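Note sheet for the following structure.
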Number of protein chains: 2
Amino acid sequence: MNTLSYVLLCMLARKSCTGYELKQYMELFWQAHHSQIYTVLGKMETEGYVQFEADPDTTKKNLLTNRKRRPSVSKWVLEETAEPISRDEFLAKIYVIALMDKSTVAQLFNDRRRHYKKRATINKPKLEELEILQNDPARKVEWRNSFGRYLIVKRRDELCMQELAWCDWAEDLYHSSFDKI
Amino acid sequence: MNTLSYVLLCMLARKSCTGYELKQYMELFWQAHHSQIYTVLGKMETEGYVQFEADPDTTKKNLLTNRKRRPSVSKWVLEETAEPISRDEFLAKIYVIALMDKSTVAQLFNDRRRHYKKRATINKPKLEELEILQNDPARKVEWRNSFGRYLIVKRRDELCMQELAWCDWAEDLYHSSFDKI
DNA sequence: GCGCACATGTAACCTGTTACATGATTTG
DNA sequence: CAAATCATGTAACAGGTTACATGTGCGC
């Protein structure tokens, strides 16, 4: 049981998912390839942490459910939390911004903006969906069940907006610092 | 020459560093263990990307310099930039916030705040130092040389502030959603 | 019918982590 | 003078990526 296993168990604590869904839900804060996810899910099954249930209706769709190993998650949550890891190639490139020509700089920032705009458009509908839950008194149980997810989606949304604002600020400063008029 | 190698070359483009310094400079956006850094620096030397220069004064201190392999960095900068990777155990735990007891939630947020406050206090003096460069017309060359680094330190500072604000917002919302008065 | 998103899996390989090792210099 | 920080390195192992493989269902 490594960290990824516990991350998967956390996802499953909310609702049963397929491996495919787990990957998508996790992408907000933990990127893993499907090859890795299916491999560790297999190990987790042999160790009794999850159960596979074949879906008979729509063929070939497996549902996974967390079994009565919940206490192991509660225990993990109390253990010391490792610091977040980030690896951002774009920022390594920005490190040498003063050595690049202007067109390269423009391209780098445009790519970055494009990427975060795309992220934002994927995120926005998720956020709105969750905020509908929040404001519907008839769906209190669902809201409670999605509360953690809402906090994370909200954080991700802020992050995207701030990154885009930083791109604009940084590019402006670059021009006002290095353009000799 | 993998991604880490290019990240190291970017750091060295700014100034000569020891392996130890490289680790610290990179930590802003790419965390690597010293064992990995020294290993790849060794490979980079045999392939002629860097040179080791022993420091005769203060014993045992090696300075590394980037050689005339600069064009390879320029080429790398133009290649497609991989998306940033993040792995945040804390957010996985937040996913199951609705299943935790209140004291666990309080502890989680407090640890997170402590961590980001610490980050902020490490970052703040770096930011101030760079802003002094920016405002000193006599140190234009230095400012230009540190411009990329400034952009990154600034981004990191914003990130810390926003994370701390999010913690307060999230914990408030948690209480107003789940405290039955 | 073609391409795309859904859906799952294995194997080889590269990257990153942990543990082991050592020694100098600085600060309380 | 003990503890922390500076400073570098190797080896074994665990984690993560890439490539290979296969098949379904939907919309254009």
Side-chain angles (χ1 to χ4, degrees), chain A residues 1-8 11-12 16-27 29-47 50-64 80-89 92 118 121-122 125, chain B residues 1-8 11 16-27 29-47 50-64 79-89 92 118 122:
Chain A
M1 289 292 290
N2 56 19
T3 308
L4 177 57
S5 306
Y6 283 110
V7 173
L8 291 166
M11 306 287 107
L12 289 170
S16 291
C17 303
T18 64
Y20 193 87
E21 287 171 323
L22 287 169
K23 179 172 154 58
Q24 293 176 309
Y25 288 139
M26 282 170 49
E27 234 143 40
F29 57 89
W30 194 291
Q31 297 86 45
H33 291 262
H34 73 269
S35 53
Q36 199 187 4
I37 291 172
Y38 290 120
T39 308
V40 313
L41 284 174
K43 284 178 194 164
M44 287 163 77
E45 203 222 355
T46 55
E47 289 166 31
V50 292
Q51 284 171 270
F52 287 84
E53 286 167 14
D55 186 331
D57 304 330
T58 58
T59 46
K60 250 183 112 272
K61 204 176 183 182
N62 285 12
L63 296 168
L64 321 168
E80 193 164 6
T81 309
E83 292 192 16
I85 289 167
S86 71
R87 296 203 172 98
D88 197 332
E89 219 175 283
K118 195 183 151 197
T121 55
I122 292 166
Chain B
M1 290 294 287
N2 56 20
T3 307
L4 177 57
S5 306
Y6 284 110
V7 173
L8 292 166
M11 306 287 106
S16 290
C17 304
T18 64
Y20 193 87
E21 288 171 323
L22 287 169
K23 179 173 155 56
Q24 294 176 310
Y25 288 140
M26 282 170 46
E27 234 143 41
F29 56 87
W30 193 292
Q31 298 85 46
H33 292 260
H34 74 269
S35 54
Q36 199 186 3
I37 291 171
Y38 290 119
T39 309
V40 313
L41 284 174
K43 284 179 192 163
M44 286 163 76
E45 202 221 356
T46 56
E47 289 166 32
V50 292
Q51 283 171 272
F52 287 84
E53 286 167 15
D55 185 332
D57 303 330
T58 57
T59 47
K60 251 185 113 263
K61 205 175 180 180
N62 285 13
L63 295 168
L64 321 167
E79 282 170 26
E80 192 163 9
T81 310
E83 294 192 15
I85 288 168
S86 71
R87 298 203 171 98
D88 195 333
E89 220 176 282
K118 193 183 154 198
I122 292 167

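Numbers restart at 1 for each chain; the letters A, B, ... are given by sequence-line order, proteins then strands. This is a predicted model, so every value here is computed, not measured. Just the heavy atoms: all of them, side chains too, but no hydrogens, waters or symmetry mates, feed the values below.
Rounded to a whole Å, the CG atom of A:L22 is 12 Å from the P atom of C:dG9. One can place OH of B:Y38 at 14 Å from C1' of C:dA21, the figure rounded to the nearest angstrom. Here C:dT15 presents its P atom at 20 Å from CG of A:L4, a figure rounded to the nearest Å. Atom pair B:Q31:CD and C:dG16:C1' shows a separation of 12 Å (rounding to whole Å applied). Summarising the geometry, the separation between CD1 on A:I85 and C1' on C:dT15 is reported as 12 Å, rounded to the nearest angstrom. Distance, A:E83 CD to C:dG16 P: 18 Å, rounded to whole Å. Here C:dT18 presents its P atom at 15 Å from CD1 of B:I37, a figure rounded to the nearest Å. Straight-line distance from the CG atom of B:N2 to the P atom of C:dT15: 4 Å, rounded to whole Å.
If you check distances only, the side chain of B:H34 does reach the base of D:dT8 with a donor-acceptor pair under 3.5 Å. Counting distance only, with no hydrogens placed and no angle test, the side-chain atoms of B:S35 and the base atoms of C:dT18 include a donor-acceptor pair under 3.5 Å.
Side-chain atoms of A:Q31 come within 3.5 Å of backbone atoms of B:S86 as a donor-acceptor pair (strictly under, hydrogens ignored). At distances below 3.5 Å, not a single donor-acceptor pair connects side-chain atoms of B:E45 with backbone N or O atoms of B:G42. Within the 3.5 Å criterion, the main-chain N or O of B:H33 finds no donor-acceptor partner in the side chain of B:K23.
Contact of the B:M1 side chain with the B:M44 side chain is registered, since non-hydrogen atoms from C-beta on lie closer than 4.5 Å. When side chains are defined from C-beta on, B:Y38 counts as touching B:Y20, because their heavy atoms get closer than 4.5 Å. With contacts defined as side-chain heavy-atom distances shorter than 4.5 Å, the pair A:M26/A:L4 qualifies. B:Q24 has its side chain out of reach of B:M11: every pair of non-hydrogen atoms, C-beta onward, lies at least 4.5 Å apart.
The shortest non-hydrogen separation linking A:E89 to B:T3 is OE1-CG2, 3.5 Å. Closest non-hydrogen pair, B:L41 versus B:G19, comes out as CD1-CA, 4.0 Å.
For B:H33, no side-chain nitrogen or oxygen approaches OP1 or OP2 of C:dG16 to under 4.0 Å. OP1 and OP2 of C:dT15 both lie 4.0 Å or more from every side-chain N or O belonging to A:R87.
Partners of B:Y6 under the side-chain hydrogen bond (donor to acceptor under 3.5 Å, both in side chains) rule, at least two apart in sequence or in another chain, do not exist in this structure.
Across the helix from C:dG1-D:dC28 to C:dG28-D:dC1, the helix axis at one end is tilted relative to the axis at the other end by 50° (nearest 10 degrees, each axis from five pairs).
For A:T39, counting side-chain heavy atoms from C-beta on, the closest listed nucleotide (C:dT8, D:dG16, C:dT10) is C:dT10. Closest contact between the side chain of A:Y20 and the listed nucleotides C:dT8, D:dG9, D:dT17 involves C:dT8. Of the candidate nucleotides D:dT17, C:dG16, C:dT8, D:dT17 has the atom lying nearest to any side-chain atom of A:Q36.
Annotation: of the two residues near DNA chain D, B:Q24 and A:M1, the 5′-most nearest-nucleotide partner is B:Q24.
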Could you list all N or O pairs between the protein and nucleotides 26-28 of chain C that sit under 3.5 Å apart?
none

